[in-house]
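Treat the numbers as computed from the prediction; the structure is a model and nothing was measured.
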Protein chains: 2
Amino acid sequence: MATRVPPQPESVRKLPRQQRSRATVDTIVEAAARVLARRGWAHFTTNETASTAGVSIGSIYQYFPNKLSLAEEIRNRHLDAVLAAIVVPDESDASITLEQRAAALIDGVVAAHSVDQRLHRVLLDEVPLAARSAQDVFEAEYLRRYQAVIAAAAGRADPERDGIAGRVLSGAVEGVIHAAARHGELQSPVLRAELIGLACAYLHSLSGH
Amino acid sequence: MATRVPPQPESVRKLPRQQRSRATVDTIVEAAARVLARRGWAHFTTNETASTAGVSIGSIYQYFPNKLSLAEEIRNRHLDAVLAAIVVPDESDASITLEQRAAALIDGVVAAHSVDQRLHRVLLDEVPLAARSAQDVFEAEYLRRYQAVIAAAAGRADPERDGIAGRVLSGAVEGVIHAAARHGELQSPVLRAELIGLACAYLHSLSGH
DNA sequence: TCAAAATGTGAATAGAAGCTCACATTCTAT
DNA sequence: ATAGAATGTGAGCTTCTATTCACATTTTGA
């Protein structure tokens, strides 16, 4: 996990200036991520985070104004890692078939959901939202990719319908992937094939009227 | 909301025997559902439930051994209501088209998700699972309906593939509906049409090839 | 070298909330 | 009518945990 400059804009807390404190902050965030994944948000405590990190509770509050800000830092780092897992294919290459585009899209989303699944689930549906800056970037990146595929499929552009189609397709793909993740089948090639089949069937129906 | 016999099997608590106490239990559960929907699981408190119900905190613990058992009772009642919203079409009538079957399925699932949406979301992704007995019935009922439609679509029966297809279709439909619910578009006819289109496109691709 | 800044410590504080229990009230059956 | 069961009450006990603060240690820069 890369070192980031963590604390929040309005944070009254110190910024880590020396190498030593930057390492401490990283240790804290990594330990916190492990505790959060293991216990869930409801039983995520700052004291357990401190002892897991081998650090005094006070050290956490040197750099994080409260428990939530710690979780938000974890989320920011995690979503960075998730986005990094997505491989973007060349969108302007006309020689790529629709099937290939759909496959690349789905592989990217699967890869994104393969990064620390338990932590991902806790971060997305347990930790309160507050300022969801990173989450927006995250969703925007997804949307961009879906719309590229849809634009390629539907030769003509009906922006109104394409927008809805994008939301339908993304909802469908995410739904299938979340269900698969719950059953531990995210890596199943049969599922991958069936999901690509679903996407292609829908995409073809958009152009063929 | 119908009166049910609530407390858990292993509960050391009393069963409500008189009319008066049955009414008290109903009042408690209804108030608890309101509090849970309003505050979310993290800020759902037994004291607020008691004051909202106009009942002493002690009365709650007469019938519920702990906070979680109260939430589980709410979930049981809610899922009953959700299942009741699903209209089941005649599965043996061969004169019904695939489009009509898909539409009936989707309308049923949408109706199920239209029952007390906020509470539904909190119950499904905030309240801890523990013994998820009712949730299993709930999912099994869904699965049954998806498989009926898939069996009708794919003339021949390839049980292996049909099973996966069922999970893919249900994941997709649920995903789209959850996304729509988040954006408050559950009642949109455009979305309904597009979702039916998605389902039909996939179903046709199963038989044709 | 040494003073000031940065960093680290953990006992103690404070508040929230689950749950108990001794007691009061109401209902049922005889 | 009345005893005993069922029901209802709410102050307060207990546990948990976020956060503070007075202090100790380490690093930096001159």
Side-chain angles (χ1 to χ4, degrees), chain A residues 3 5-8 10-29 31-32 35-36 38-74 126-128 130, chain B residues 3 5-8 10-29 31-32 35-36 38-74 126-128 130:
Chain A
T3 298
V5 184
Q8 288 59 36
E10 78 285 13
S11 159
V12 194
R13 292 311 198 266
K14 284 179 228 170
L15 286 176
R17 300 178 181 281
Q18 305 175 359
Q19 186 57 46
R20 178 171 54 132
S21 57
R22 266 176 256 126
T24 299
V25 168
D26 282 351
T27 303
I28 289 170
V29 175
V35 173
L36 183 58
R38 181 163 61 239
R39 307 286 193 205
W41 173 250
H43 301 103
F44 169 64
T45 70
T46 52
N47 286 296
E48 183 175 353
T49 295
S51 63
T52 297
V55 148
S56 158
I57 179 63
S59 290
I60 292 179
Y61 286 90
Q62 293 279 331
Y63 305 102
F64 299 92
N66 52 51
K67 187 171 101 153
L68 182 58
S69 72
L70 188 49
E72 283 169 349
E73 175 59 18
I74 295 168
E126 291 186 2
V127 175
Chain B
T3 297
V5 183
Q8 288 58 35
E10 76 286 12
S11 159
V12 194
R13 292 311 198 265
K14 285 180 227 171
L15 287 177
R17 300 179 180 283
Q18 305 175 1
Q19 185 58 45
R20 176 170 55 130
S21 57
R22 265 176 257 127
T24 299
V25 168
D26 282 352
T27 303
I28 289 170
V29 175
V35 173
L36 183 58
R38 180 163 60 238
R39 306 286 192 203
W41 173 249
H43 301 104
F44 168 65
T45 70
T46 52
N47 285 296
E48 183 175 352
T49 296
S51 64
T52 298
V55 148
S56 159
I57 179 64
S59 290
I60 292 180
Y61 287 91
Q62 293 279 331
Y63 305 102
F64 299 93
N66 52 51
K67 188 173 102 152
L68 182 59
S69 71
L70 189 49
E72 285 170 346
E73 175 60 19
I74 294 168
E126 291 186 3
V127 176

Reading 5' to 3' through nucleotides 24-30 of chain D, protein heavy-atom contacts under 4.0 Å coded B for base, S for sugar-phosphate only, - for none:
--SSS--

Nucleotides 15-23 of chain C: protein proximity per nucleotide (B base, S sugar-phosphate only, - neither; heavy atom, under 4.0 Å)
--SBBB---

Is T24(A) close enough to dG8(C) that one of its side-chain N or O atoms is under 4.0 Å from OP1 or OP2 there?
yes

Considering only residues two or more places apart or on different chains, which pairs with a residue in residues 51-69 of chain A satisfy salt bridge (charged side-chain N to carboxylate O under 4.0 Å, His left out)?
none

Separation of dG8(D) P from R17(B) CZ (nearest whole Å):
14 Å

Nearest atoms (heavy-atom pairs only) where T27(B) meets A53(B):
CG2-O, 3.5 Å

Pairs where residues 52-64 of chain A contributes a residue and the test salt bridge (charged side-chain N to carboxylate O under 4.0 Å, His left out) is met, not counting sequence neighbours
none

Side-chain heavy-atom pair T49(B), I57(B) within 4.5 angstrom cut-off:
no

Could you tabulate the donor-acceptor pairs under 3.5 Å formed by side-chain atoms of residues 39-46 of chain B, not counting sequence neighbours?
| residue | atom | partner | partner atom | Å |
| --- | --- | --- | --- | --- |
| R39(B) | NE | E48(B) | OE1 | 3.0 |
| R39(B) | NE | E48(B) | OE2 | 3.0 |
| R39(B) | NH2 | E48(B) | OE2 | 3.1 |
| T45(B) | OG1 | E48(B) | N | 3.0 |

Summary of salt bridge (charged side-chain N to carboxylate O under 4.0 Å, His left out) pairs that have at least one residue in residues 53-66 of chain A, sequence neighbours excluded:
none

Starting from P on dT17(D), measure out to CH2 on W41(A) and report it in whole angstrom.
13 Å

So what does S21(B) hit on the nucleic acid, given a heavy-atom distance under 4.0 Å: a base, only sugar-phosphate, or nothing?
sugar-phosphate

Partner of F64(B) under side-chain contact (heavy atoms from CB on, under 4.5 Å), picked from R13(B), E73(B), E72(B), is E73(B)

Should T24(A) and P16(A) count as side-chain neighbours, where that means a heavy-atom distance under 4.5 Å?
no

Do S56(A) and dG10(C) have a side chain to base donor-acceptor pair shorter than 3.5 Å?
yes

Nearest-angstrom distance from the residue atom CZ of R22(B) to P of dA6(D)
13 Å

